[in-house]
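In what follows, a structure is listed as structure tokens, so that the remarks can point back to it.
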Amino acid sequence: MTRSWLVTGGSRGIGRAVVDLVAAAGDCVAVLARSPVANGPAPPGQPGAGRVLAVKTDVTDPESVGDAVETVREEFGSVDVVVNCAGVHRGGRVEQLSRERWDEVVSTNLTGAFEVCRAAVPLLASGSAVVNVGAVVGLRGFPGDVAYGSAKAGLSGLTQVLAVELAARGVRVNLVVPGFVDTEMTASLSDRARDRVVDAIPAGRVGTATEIADVVVAVAGATYMTGATVPVDGGLMASFGGFAR
Ligand code: NAP
């Protein structure tokens, strides 16, 4: 059966990997991001590929989110899976981080997901799912990530509250927690810092966007899973104090 997806942050990175995966499987997917993504089948011309609908959206703007969800309702009628993947990372320790940066991170990673859920709940029938994309640093203290870690911790809380609130409607809500993944978000890290991260990962390497997308899709289809936290981190969270191997 063809499903309809709404993926925020689907213009690149992990979100784009989810979009490519589900569209290639024949599902319809609305991509909500600020930069345009081509409408049409994806990958282009692949037989059986589903429809990709680009909806220019800023998740920090409730009006933009409301308009986007209304467009999705007009085009798809209902939504089977919402993936909250839009995110920004701004580093900084507590004494250095400006209020402006804090607000940017929280309004994108946490409030944005809340607004999308708030607007999309009426489109979610029984059997549908929400998958939020968290981060290891939202579940473990990491110096220099005061805003990002706090926002992702909030997303963990949002996931659990919504899992309970929406269970009666038959809607499941789960949190997928990537470790370190090669995307634009992590591209600016110095080689030295990157090597230190890799040293701390038991698997001995960073993850790919497709490896995270595979788990997002699996969690979306896991019919008895709700309120769960699912790490996809090469063992990062399981290891003790950075002693990887
Ligand atoms: P990315 O390549 O930088 O992609 C971020 C996505 O979020 C883009 O599609 C971007 O699209 C979208 N976005 C940002 N601000 C937005 C806004 N205000 N409104 C709408 N869309 C917005 O990063 P990524 O690594 O794929 O990250 C995806 C998710 O995984 C994020 O939630 C991130 O926190 C999480 N994560 C990543 C890692 C990692 O190591 N990469 C680790 C843990 C968790 P536009 O710029 O076009 O709007």
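Heavy atoms only: backbone and side chains are in, while hydrogens, waters and symmetry mates are out. Note that ligands are numbered from 1 as they come in the structure, with each ligand's atoms numbered from 1 the same way.
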Please check if the number of heavy atoms outside Asp195 that lie under 6.0 Å from its CG is greater than 12.
yes
Distance under 4.0 Å, heavy atoms only, partner ligand 1: which residues pass?
Gly9, Gly10, Ser11, Arg12, Gly13, Ile14, Ala33, Arg34, Ser35, Thr57, Asp58, Val59, Thr60, Cys85, Ala86, Gly87, Val88, Thr108, Asn109, Val133, Gly134, Ala135, Tyr148, Lys152, Pro178, Gly179, Phe180, Val181, Thr183, Glu184, Met185, Thr186
Will you find, in the side chains of Asp145 and His89, an N or O donor that is under 3.5 Å from an N or O acceptor?
yes
Any link between Val79 and Val65 through a network of hydrophobic side chains (Ile, Leu, Val, Met, Phe, Trp, Tyr) touching at under 4.5 Å?
yes
Does a salt bridge link Arg101 with Glu104, judged by any charged N lying under 4.0 Å from a carboxylate O?
no
Electrostatic pair Arg16-Glu184, nearest N-O below 4.0 angstrom:
no
So that I can tick it off, tell me whether Arg34 and Asp58 are bridged by a salt bridge, with the cut-off set at under 4.0 angstrom between side-chain N and carboxylate O.
no
